[in-house]
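For reference, the structure is listed below as C-alpha cells.
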Amino acid sequence: MGVLLDKRDYYEVLGLSREATPEEVKKAFRRLAHKHHPDRNPDDPSAEDRFKEASEAYEVLSDPEKRQRYDRYGHAGLCGTGVRDYSHMGVEDIFSMFSDLFGQDFFGGGRRRGRGADLQTQVELTLHEVATGATRSIEFERTDFCDGCGGTGAAPGSERRGCATCGGYGQVEHSGGFAGLFGRMITACPTCRGRGWMLTKVCDRCRGSGRALKRRVVQVQIPAGIHDGQGVRVRGEGEPASEGTECGDLYCYVRIRAHPFFERHKQDLLCQVPISFTQAALGAVVEVPTLSGKAELRIPAGTQAGAVFRLPGQGLPDVRSGRTGDELVQVTVEIPKKLNRDQEKLLRTFAATEDKAVLPESRGFFEKLKDYLAGKLE
Ligand SMILES: [Zn+2]
Ligand SMILES: [Zn+2]
C-alpha cells in the first residue's frame, strides 16, 4: 500500500540495544510506563502517545517470534502477526492487558480490594461490522455465586455463628513465649481462617465454598468505529471476589478481520484499483468497491500512476464523534505484457508522434541526465 506510517525503531523507543535480554526489555518498559503514565503527566498530552508507543514496542520485543521477525524485516515483517494498534486504546485497557507485569497496585489503577478478578475475551469483527457497530453474544464459564446458598456457603435455613476462638474478630493475638520477644503478635484466626464466623451446616452443592462454575451468556455492544485491539468493558461480568460481593469486569477485546480490498488508516479506508494505461491517458469512469457495495469513480485524462482519489464519507465512523472518514482510492497503472500485431502497430504509430520535450517529468529527467553526464552534477 502506498501509505506507510512513520514508525520509530522499537529498540530506540525502549532505549535498548539489539542485544537486550528479555529481562532488560521488561525493565525498560516498566520504567517508561512509569515515566509516561498520563496520570503523572497531566500537562503533557504527548506522554500518552509515548506510553502507547512503548507498549507496542514491548509487545513485539517481549515476544520471541515477533521480535525475530522484526529483527529480520523491520516493521513490514510484522504484518499479519496481530500486533495491536495501541494508538486508539484506552490507557486503562493497556494497563489491564499488561497487569501481570505491573502488579495490582501500579498507580492504584489495578484491582481494588474486595473486588473479583477481571475476565477477558476476544471477538472478531469484519470491517463492515466496524462501520455499523455490532452486538455479540459471548458465552463463557466463570466462577459465580452458588445457587444453593446464594454465595454464603451455608445450607439453606442454617446460620453462621460467631467463631469462638477469635470472638468474631477474625484475628488472634499471641503473647508470651517466642512472640513475647516482639511484643504483641497478631495473626489470622486459625479456626475460622480470618473470617470471624463458622458455618453451622455447610451447603451441600458447593461444600461451603459459596461458589460454583456457571455458564454465562452476555450481550456485548461494540460501538461503531472501534479499532483493532480496543476493549469494551462490561461491568460486573467478571468473577466475584472471594470475600466481598463486587464482581470484576469482563473485557472484550476486538480483532478486526482483514478485508480483501480495504486497509484502514484511522477513519479512512485505502484501496488500490488497477487501471489500464489508456484509461490513465484518456480518462475513464471505473467501478470501485466501497464498504457498502460499489461506486463509480471518474478518472481524469492524464492520471499518473499512484494518484489518489477521495470518495468523501465512504470511510468509517469515529468511535467518539461519529464523524465519518473517506475512502481513498489509489490507482495503479497496468502496462500490457503482450500486444497483438494491430495493437503494436498502433502503439508504434503513437510512439512516432511522442515528443519527450512536452512530457514534464521526462523533460526534467533528461535535462538532469544531460547535466549529470556533462559532470555538472555529483
Ligand atoms: Zn452453596
Ligand atoms: Zn476465628
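If you read the sequence from its start, that first residue is 1, and numbering goes on from there. Atoms within each ligand, like the ligands themselves, are counted from 1 in listed order.
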Quiz item: Is it the case that more than 12 heavy atoms not belonging to R207 sit under 6.0 Å from its CZ atom?
Solution: no

Exercise. Could you please compute the angle at the Zn ion (ligand 1) from SG of C149 to SG of C203, rounded to 10°?
Key: 120°

Quiz item: To the nearest 0.5 Å, what is the distance between CZ (R264) and CG (L127)?
Solution: 7.0 Å

Quiz item: Is the shortest heavy-atom distance from the side chain of V273 to the side chain of F309 under 4.5 Å?
Solution: no

Quiz item: For the residue pair C166 and V172, what are the closest heavy atoms and their distance?
Solution: CB-CG1, 3.9 Å

Quiz item: Does the side chain of Y86 pick up a donor-acceptor pair with the side chain of D228 at under 3.5 Å?
Solution: no

Quiz item: Can you give the angle C206 SG - the Zn ion (ligand 1) - C146 SG, rounded to 10°?
Solution: 110°

Practice problem: State whether E141 and R216 are salt-bridged, where the test is any N-O pair (Lys NZ or Arg NE/NH1/NH2 against Asp/Glu carboxylate O) under 4.0 Å. | Solution: no

Practice problem: Kindly assign one of parallel, tilted or perpendicular to the pair F29 and F51, based on the angle between their ring planes and the thresholds 30° and 60°. | Solution: parallel

Quiz prompt | Atoms of protein origin (N, O or S) under 2.8 Å from the Zn ion (ligand 2) | solution = C163 SG, C166 SG, C189 SG, C192 SG

